[in-house]
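This report concerns only the one structure given below.
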Amino acid sequence: QVQLVESGGGLVQAGDSLRLSCAASGRSASSYAMAWIRQAPGKEREFVSVVSSGGDSTYYADSVKGRFTISRDNAKRTVYLQMNNLRPEDTAVYYCAAASVVVTSTRYTYWGQGTQVTVSS
């Protein structure tokens with residue numbers, strides 16, 4: 001069992017940056033692939049990015065490639081999503097999720113409660 005708690009969301013203007021954090025707890029939390037998934041109002045959940053358990057492999061959705069960077073600090077059991085050059089279309093609830101393998105979809109086993117990111121134009 002893994003518990004995930006996100007933080008760092010907020011209201012920003014287009015072009016600004018934000019860094020989301022996800023603190024993981026539970027046995028073997030560091031052995032899971034960790035992802036960020038978002039859901040905009042009225043839309044389905046969308047895969048954003050994932051990092052492997054060791055941090056050596058990362059994947060991004062085309063819509064965020066070059067602007068977002070995922071990373072993890074296993075000593076702190078924390079995953080980060082650095083979001084630069086934010087756009088209004090990035091507005092969504094951002095969820096942290098975990099799975100035993102790297103998945104570039106929304107099929108994850110464990111989920112956090114989400115943090116709201118709002119980008120104004």
Side-chain angles (χ1 to χ4, degrees):
Q1 191 80 2
V2 177
Q3 292 80 42
L4 305 170
V5 179
E6 304 96 332
S7 61
L11 172 63
V12 297
Q13 293 187 332
D16 285 350
S17 298
L18 271 179
R19 189 178 80 158
L20 305 182
S21 299
C22 172
S25 60
R27 298 182 69 179
S28 302
S30 298
S31 67
Y32 286 85
M34 301 290 291
W36 289 95
I37 292 164
R38 66 188 182 185
Q39 186 168 24
K43 295 187 177 181
E44 295 185 352
R45 287 184 176 179
E46 174 191 22
F47 167 80
V48 175
S49 183
V50 61
V51 59
S52 60
S53 59
D56 53 325
S57 296
T58 58
Y59 300 90
Y60 297 92
D62 287 343
S63 58
V64 307
K65 203 171 292 184
R67 299 187 298 123
F68 291 10
T69 302
I70 192 170
S71 61
R72 67 189 297 162
D73 183 337
N74 282 341
K76 296 182 179 179
R77 295 186 177 184
T78 301
V79 176
Y80 305 98
L81 185 68
Q82 178 66 44
M83 305 185 294
N84 297 329
N85 192 22
L86 283 161
R87 304 168 180 170
E89 55 263 39
D90 295 318
T91 294
V93 176
Y94 283 71
Y95 297 92
C96 179
S100 57
V101 296
V102 170
V103 179
T104 56
S105 72
T106 60
R107 296 175 66 86
Y108 276 78
T109 307
Y110 302 104
W111 293 79
Q113 82 288 352
T115 186
Q116 177 71 46
V117 172
T118 302
V119 184
S120 64
S121 57

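As a basis for the values below, the full set of heavy atoms in this structure was taken, side chains included, without hydrogen atoms, waters or symmetry mates. Just so we're clear, the structure is a prediction, and the values are computed from it rather than from any experiment.
Annotation: ring-ring contact (aromatic ring centres under 6.0 Å, His included) contacts involving residues 14-55, sequence neighbours excluded, comprise Y32-Y110. Residue pairs meeting the disulfide bond (SG atoms under 2.5 Å apart) criterion with at least one partner in residues 21-101, sequence neighbours excluded, are C22-C96. Note on residues 48-83: no pairs pass ring-ring contact (aromatic ring centres under 6.0 Å, His included), not counting sequence neighbours. Here side-chain hydrogen bond (donor to acceptor under 3.5 Å, both in side chains) pairs that include residues 93-103, with residues two or more places apart or in two chains, are R38-Y94. Listed by first and then second residue, the side-chain hydrogen bond (donor to acceptor under 3.5 Å, both in side chains) pairs that reach into residues 7-24 are S17-N84, sequence neighbours excluded.
The side chain to side chain donor-acceptor pair (under 3.5 Å) test applied to R77 returns no partner, not counting sequence neighbours. The side-chain contact (heavy atoms from CB on, under 4.5 Å) check on R67 picks up V64, N85, R87, D90, with sequence neighbours excluded. Under the ring-ring contact (aromatic ring centres under 6.0 Å, His included) criterion, Y108 pairs with no residue, sequence neighbours left out. Considering only residues two or more places apart in sequence or on other chains, Q113 meets the side-chain contact (heavy atoms from CB on, under 4.5 Å) condition with V5, E6. Every residue meeting the salt bridge (charged side-chain N to carboxylate O under 4.0 Å, His left out) condition with D62, not counting sequence neighbours, appears here in chain and number order: K65. Under the side-chain contact (heavy atoms from CB on, under 4.5 Å) criterion, S52 pairs with D56, S57, V102, not counting sequence neighbours. Residues passing the side-chain contact (heavy atoms from CB on, under 4.5 Å) test with T118 are L11, T91, Q116, sequence neighbours excluded.
Under a hydrophobic clustering in which Ile, Leu, Val, Met, Phe, Trp and Tyr are joined whenever their side-chain heavy atoms come within less than 4.5 Å, directly or via other members, W111 and V50 fall into the same cluster. Grouping the Ile, Leu, Val, Met, Phe, Trp and Tyr side chains by contacts below 4.5 angstrom, directly or via other members, places V12 with V48.
Put simply, the side chain of N74 gets close to the backbone of S53: a donor and an acceptor are under 3.5 Å apart.
Distance check, rounded to the nearest 0.5 Å: OG of S71 to CE of M34 gives 11.5 Å. For the atom pair S49 OG and I37 CD1, the distance stands at 10.0 Å (nearest 0.5 Å).
You'll find the side chain of I70 reaches within 4.5 Å of the side chain of L81, heavy atoms only. Taking 4.5 Å as the limit, some side-chain heavy atom of E46 sits within range of a side-chain heavy atom of S63.
The nearest pair of heavy atoms linking V2 to A24 is CG1-CB, 4.4 Å. Minimum interatomic distance between P88 and A14 (heavy atoms only, all atoms of both residues): CD-CB, 4.1 Å. Residues M83 and L86 approach most closely at CB-CD2, 3.8 Å, considering heavy atoms. Smallest separation of non-hydrogen atoms from S31 and S28: OG-O, 2.6 Å. Closest of all the heavy-atom pairs between K43 and Q39 is O-NE2, 3.0 Å. Contact detail for S105 and V103: the closest heavy-atom pair is OG-CG1, 3.0 Å.
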